[in-house]
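See structure below.
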Number of protein chains: 2
Amino acid sequence: MSDSTIYEVARLAGVSIATVSRALRGTGPVSAATREKVRRAVEELRFTPSRLGVSLAEGRHAANGIVFPDLSGPYFGEVLLGYEEVAADLGRSVLILSTRDRAGVPETVKDLATRVDGLVVFGQTLPDALLTELADSGLPMVMLARDAHPGTEAVRSENAGAAEALTVHLIAHGHRTFALAGGHDEGDVSQRWTAVARTLGHHGITAPRPVECPYTVDGGYEAGLGLLKSGPDVVVCADDQVALGVILAAEELGLRVPDDVAVTGWDDIMAARHSRPALTTVRQPLRELGAAAARLLDELIAGAEPSDTTRVLATDLVIRSSCGAHQVHPPEEP
Amino acid sequence: MSDSTIYEVARLAGVSIATVSRALRGTGPVSAATREKVRRAVEELRFTPSRLGVSLAEGRHAANGIVFPDLSGPYFGEVLLGYEEVAADLGRSVLILSTRDRAGVPETVKDLATRVDGLVVFGQTLPDALLTELADSGLPMVMLARDAHPGTEAVRSENAGAAEALTVHLIAHGHRTFALAGGHDEGDVSQRWTAVARTLGHHGITAPRPVECPYTVDGGYEAGLGLLKSGPDVVVCADDQVALGVILAAEELGLRVPDDVAVTGWDDIMAARHSRPALTTVRQPLRELGAAAARLLDELIAGAEPSDTTRVLATDLVIRSSCGAHQVHPPEEP
DNA sequence: GCGGGCAGTGGAAGCGCTTACAGCCCAGAG
DNA sequence: CTCTGGGCTGTAAGCGCTTCCACTGCCCGC
């Protein structure tokens, strides 16, 4: 953008740059005649103030960043959507960074940090030491899908209650041998596994160890091929993608879902509703998660003290057919 | 980030800011001893150069932007993923902007334009007049999922050939009465409809007018309820989400897919593969689309002249079961 | 023994803007 | 008629960095 500068506008309008600035931002008094001259000059030159100059002088970026591990799958897109929407309404641009397995993440994140007024960080995307360093530097930060790190705020959705409700429901279906697919010791997911295990314990059932796998359809498929050999009544999966993969694995092994084995997911992504069989899952308010993070971050930037506190959004258990065939379901309204 | 500045580093190291800058960037000669002093000062102060200062002095942002209509659904997330990955590897941050139906889009986009070295713009997200204005200002731009606008480059995936192949396939299935769901006069989609109509014409079939609807499951459902009344053999949909909605509508009306009516989508999103019945669709290389855009944009920023040319990526016709039940499909490997 | 060249360094001029401060002019008050 | 206080405007000091240019020694070759 080889744009014109405020100096050229000032010259063309026959005033000083200070006056141009005041006229454009509406700070300080400017006579109607001058304002009009400036307006015309701006129009003729197609002048747009350089964001760099403004930010440097104002000492703020009017932008904030969001860091996630990966953008694949529907999960992050939805959260990001809610986030961007609110951030935009608050007059802030949003910078994204996906870390994937890339090297040099700390440097990249620090670079990002110098471009924004605040940062939202997903789950265990970054090592705690780095989070501490960033928080200590005074950068406003909001954690997403995990509990708060010292010096930050956090938003996540409810895990334990939904996990318990899901487990109780599965037990009511008569399922007794459980398998868990997609274990990491990540914040969100480990909270679910803990609640599942506790609930099973209450019913005298020993919880199995979760089988690690990537949170993808392929990951679920691979894990499923292994898991299903032991003939569990139900496979509880860390998310919907894993569940869809497990269902594929079951088909591959000649097992019918849910007659031979039940499968459940988590998130309620679009495919969950349309899959065969339709997936029993837990719906997270993904957009609201992103929106809440944006609002919290804005408060921090405005000067609020980080409370080291976690905001928890409600989830819904969504019963469809993958957890047990004896349920009758009228077609869902879209 | 209440960070320290290059002045404090210089003072602590006992050198000038020019030397600090040279030491840090590796431009110009700096003695080993000095370099070490600077290194220590930087470490002690946890100094990170202010991106604002650097950018203002360098005259570049090392960032580029991407504008899309909406982030919902799997489509944009995938493209964005491919885009971000390449941009990051090229050392550029990425700013996103989703326009939705928001007011003040031109201002927001112009603001974005002052924050980046170049811009990727999706489909018909922005009015042509605005595109022209931006291009004229010298901003490097790449159009995505549409043909090039003067002064830009463009990337999209192949439409006409796939649409023809799909239509031929459907005719081979014995389908004769067609319905088209999800019409807009958007670049990508209208190319598909044109090709479908032409192909039908070759076979002596008159193409129906596409029924407009939002590109969502709900949009497809609503459109489907209307469309299916006339009893078409097949409903060709503008994308997979619309197709999934039409399938729901068919179920609602007591029609079996594909026995009573065939349905096809476009994009090959995850849900297409897992839906019941699995969706016949056209796979677009979504990530590669984003990646190609990022690379093209980088070339423009590096100084290449915009060619007003459109790069076209290949698509694949993916035959599953929603287009006709007589096909036998072994379970897909993930 | 002396000039040229170069490694190493500092001074200072921007980059494009905001804003504190000061100055000017004029109307209305005394 | 002078004084005072706004309203309006300009000057200039940053904001944090990069980099051109000038300068100082010092080593080498003649």
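Values reported hereafter were calculated over all heavy atoms of this structure, with side chains retained and with hydrogens, waters and symmetry mates removed. Letters A, B, ... mirror the listed sequences (proteins, then strands); counts begin at 1. From a predicted model like this one, the values you see are computed outputs, not experimental measurements.
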Is any side-chain nitrogen or oxygen of [X] closer than 4.0 Å to OP1 or OP2 of [N]?
{"X": "A/S31", "N": "D/dT9", "value": "yes"}
{"X": "A/S16", "N": "D/dT9", "value": "no"}
{"X": "A/S21", "N": "C/dT19", "value": "no"}
{"X": "A/T27", "N": "C/dT18", "value": "no"}

May I ask you to verify whether the side chain of [X] and the base of [N] hold a donor-acceptor pair under 3.5 Å?
{"X": "A/Y7", "N": "C/dC15", "result": "no"}
{"X": "B/R51", "N": "D/dG16", "result": "no"}
{"X": "B/R35", "N": "C/dG8", "result": "no"}

Gap between atoms [atom1] and [atom2], on [X] and [N] respectively (whole Å):
{"X": "A/E58", "N": "D/dC15", "atom1": "CD", "atom2": "P", "answer": "15 Å"}
{"X": "A/R22", "N": "C/dT19", "atom1": "CZ", "atom2": "P", "answer": "10 Å"}
{"X": "B/L56", "N": "D/dT19", "atom1": "CG", "atom2": "C1'", "answer": "14 Å"}
{"X": "A/R25", "N": "C/dT18", "atom1": "CZ", "atom2": "P", "answer": "5 Å"}
{"X": "B/L24", "N": "D/dT18", "atom1": "CG", "atom2": "P", "answer": "8 Å"}
{"X": "A/R11", "N": "D/dT9", "atom1": "CZ", "atom2": "P", "answer": "19 Å"}
{"X": "A/R60", "N": "C/dT19", "atom1": "CZ", "atom2": "C1'", "answer": "16 Å"}
{"X": "A/L45", "N": "C/dC17", "atom1": "CG", "atom2": "P", "answer": "11 Å"}

Proximity to the side chain of [X] - top-ranked nucleotide from [options]:
{"X": "A/V15", "options": "D/dC8, D/dG10, C/dA12", "answer": "D/dG10"}
{"X": "A/T5", "options": "D/dG7, D/dT19, C/dG16", "answer": "C/dG16"}
{"X": "A/S50", "options": "C/dT9, D/dC17, C/dC17", "answer": "C/dC17"}
{"X": "B/P29", "options": "C/dG8, D/dA12, D/dC8", "answer": "C/dG8"}
{"X": "B/A57", "options": "C/dC17, D/dC17, D/dC8", "answer": "D/dC17"}

query = Want to settle it: does A/F47 or B/G14 sit nearer the 5' end of DNA chain C, counting the closest nucleotide to each?
reply = B/G14
ask   = Ring centres of A/F76 and A/F122 under 6.0 Å apart?
value = yes
inquiry  = Just to be sure I understand the rule, does B/S55 reach a base, reach only the sugar-phosphate, or reach nothing, if contact means heavy atoms closer than 4.0 Å?
reply    = nothing
Classify the side-chain pair [X]/[Y] by whether it contains a donor and acceptor separated by less than 3.5 Å.
{"X": "A/T27", "Y": "A/R25", "value": "no"}
{"X": "B/N159", "Y": "B/D188", "value": "yes"}
{"X": "A/R115", "Y": "B/S93", "value": "yes"}

query = Does any N or O in the side chain of A/D308 come within less than 3.5 Å of the main-chain N or O of A/G151, such that one atom is a donor and the other an acceptor?
reply = yes
inquiry  = Tell me if a side-chain donor or acceptor on A/S21 pairs with a main-chain N or O of A/I17 at a distance below 3.5 Å.
reply    = no
